Number of protein chains: 2
Amino acid sequence: MEIEIFRKFLSGRGLKLTNQRVAVFNEIFAFHGHFEPERLYLKIKDSGTRASRASVYRTLNLLVESGLVEKITRTEKGNVYEHTYGHRHHDHMVCEVCDEIIEFYSEKIENLQDEICRKNNFRGVSHTLEIRGYCGKCGRQR
Amino acid sequence: MEIEIFRKFLSGRGLKLTNQRVAVFNEIFAFHGHFEPERLYLKIKDSGTRASRASVYRTLNLLVESGLVEKITRTEKGNVYEHTYGHRHHDHMVCEVCDEIIEFYSEKIENLQDEICRKNNFRGVSHTLEIRGYCGKCGRQR
DNA sequence: AGTTTAATTGAAATTTAATCTCAATTTCAA
DNA sequence: TTGAAATTGAGATTAAATTTCAATTAAACT
């Protein structure tokens with residue numbers, strides 16, 4: 001169970017697994033996809049559990065540090081996260097017309113990035129590659 | 001002159017080329033590299049010109065719309081911009097500790113992206129590739 | 001050159017995501 | 001069960017960016 005990883009991470013730091021942290025964890029892992037902190041907070045609230053915004057934000061940061069959750073991108077409306085446990089990393093193509101998101105993965109691009117990091121004495125931890133343009137359907141209509 | 005492009009962009013929209021807009025423009029194009037709105041505001045202030053923060057932010061947005069300036073990344077301390085006129089496209093590595101930005105360009109990665117777009121029947125228009133991690137200096141200190 | 005009209009400006013207020021404060025509460029190891 | 005240390009929540013705070021609106025300014029037109 002993924003929660004065991006979180007529990008270990010916490011105890012390794014002398015931190016405690018509280019009800020609020022469990023609630024945040026469960027809500028994140030019950031869902032598959034991207035989410036924003038505010039929506040997460042509201043979902044937890046709807047589910048009946050009591051967890052303040054402060055706790056949601058604090059737990060989110062812990063989950064990122066533990067590696068179970070990733071900060072995907074920063075938009076003008078705030079950060080976007082997704083849980084990463086058991087999911088292979090991927091990148092996105094976004095259609096500027098219909099907002100369709102196509103996921104893709106390229107081993108070759110990953111390797112080239114590693115190579116570039118090495119060359120620049122940079123330790124890459126994460127990356128975002130987003131290609132914007134027109135999907136097949138929308139491109140045809142122009 | 002680049003300012004002519006800006007002037008045309010403005011008049012095409014029924015907007016005016018004011019002293020403040022010229023000041024913002026000049027400060028940005030006098031410099032080569034990345035900048036944050038607040039530092040830009042302070043530099044303009046130091047140069048003796050009078051332009052409020054509001055005007056700096058407003059002009060910055062116009063310059064982005066005109067294509068002369070690009071918003072290259074969002075850090076927790078705010079947005080980072082660079083002027084793009086006459087610069088070849090490149091991507092960025094951002095240090096999560098000190099926010100240092102390293103530019104890089106890879107023909108191979110560009111080509112692989114084109115290939116992936118073709119495979120997915122997607123017409124790519126632009127892309128952002130940002131690698132986040134630790135620069136040489138900050139990586140060593142951990 | 002002067003007039004007109006709509007755009008622009010600046011100072012301060014506002015917005016919004018995210019963090020911080022601190023007294024009260026909860027966890028968990030002993 | 002107890003007690004030290006971590007955690008919580010409500011509200012305050014922070015900081016980047018935007019908005020408001022009365023006063024000012026650019027520039028098109030006489």
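Being a predicted model, the structure only gives us computed values, none of them experimental. Chain letters run A, B, ... following the sequence lines, proteins first, then strands; residues in each count from 1.
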Open item on the list: If you assign each of A:S52 and B:L15 to its closest nucleotide in DNA chain D, which residue comes earlier from the 5' end?
Closed with: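 Result of the comparison: A:S52.
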
Using whole Å, report how far [atom1] of [X] lies from [atom2] of [N].
X: B:I44; N: C:dT9; atom1: CD1; atom2: C1'; result: 14 Å
X: A:K16; N: C:dA30; atom1: NZ; atom2: C1'; result: 13 Å
X: B:N19; N: C:dT9; atom1: CG; atom2: P; result: 9 Å

Please determine if a side-chain N or O atom of [X] lies less than 4.0 Å away from the OP1 or OP2 oxygen of [N].
X: B:T18; N: C:dT9; result: yes
X: B:Q20; N: C:dG10; result: yes
X: B:S55; N: C:dG10; result: yes

Open item on the list: Please verify the inter-ring angle class for A:F25 with A:F6; under 30° counts as parallel, over 60° as perpendicular, anything in between as tilted.
Closed with: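 Rings of A:F25 and A:F6: parallel, as their planes differ by under 30°.
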
TODO: Look at the rings of B:Y81 and B:F35 and say which category their plane angle falls in: under 30° parallel, 30 to 60° tilted, over 60° perpendicular.
DONE: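 The rings of B:Y81 and B:F35 lie parallel, inter-plane angle below 30°.
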
Open item on the list: Quick check: do B:E27 and B:L40 have side-chain heavy atoms less than 4.5 Å from each other?
Closed with: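 Yes; the side chains approach each other to less than 4.5 Å.
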
Task: Side chain to side chain, A:T73 and A:N79, heavy atoms closer than 4.5 Å - done: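 They are not in contact (no side-chain heavy atoms under 4.5 Å apart), so the answer is no.
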
Charged N to carboxylate O below 4.0 Å: is that the case for [X] and [Y]?
X: A:E115; Y: A:R118; answer: no
X: B:R13; Y: B:E65; answer: yes
X: A:K71; Y: A:E82; answer: no
X: A:R132; Y: A:E130; answer: yes

TODO: For DNA chain D, note the earliest and the latest nucleotide, 5' to 3', having some atom under 4.0 Å of a heavy atom belonging to chain B.
DONE: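 Reading along DNA chain D, I get D:dA16 to D:dA27.
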
Task: Pair partner, D:dT20 [Watson-Crick or wobble, under 3.5 Å] - done: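 D:dT20 is paired with C:dA11.
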
TODO: Verify whether the ring centers belonging to B:H83 and B:F29 lie closer than 6.0 Å.
DONE: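 Judged by ring-centre distance (under 6.0 Å), B:H83 and B:F29 do meet the cut-off.
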
- [ ] Take nucleotides 13-20 of chain C nucleotide by nucleotide from the 5' end and write B, S or -, depending on whether a protein heavy atom sits under 4.0 Å from the base, only from the sugar-phosphate, or from neither.
- [x] ----SSBB

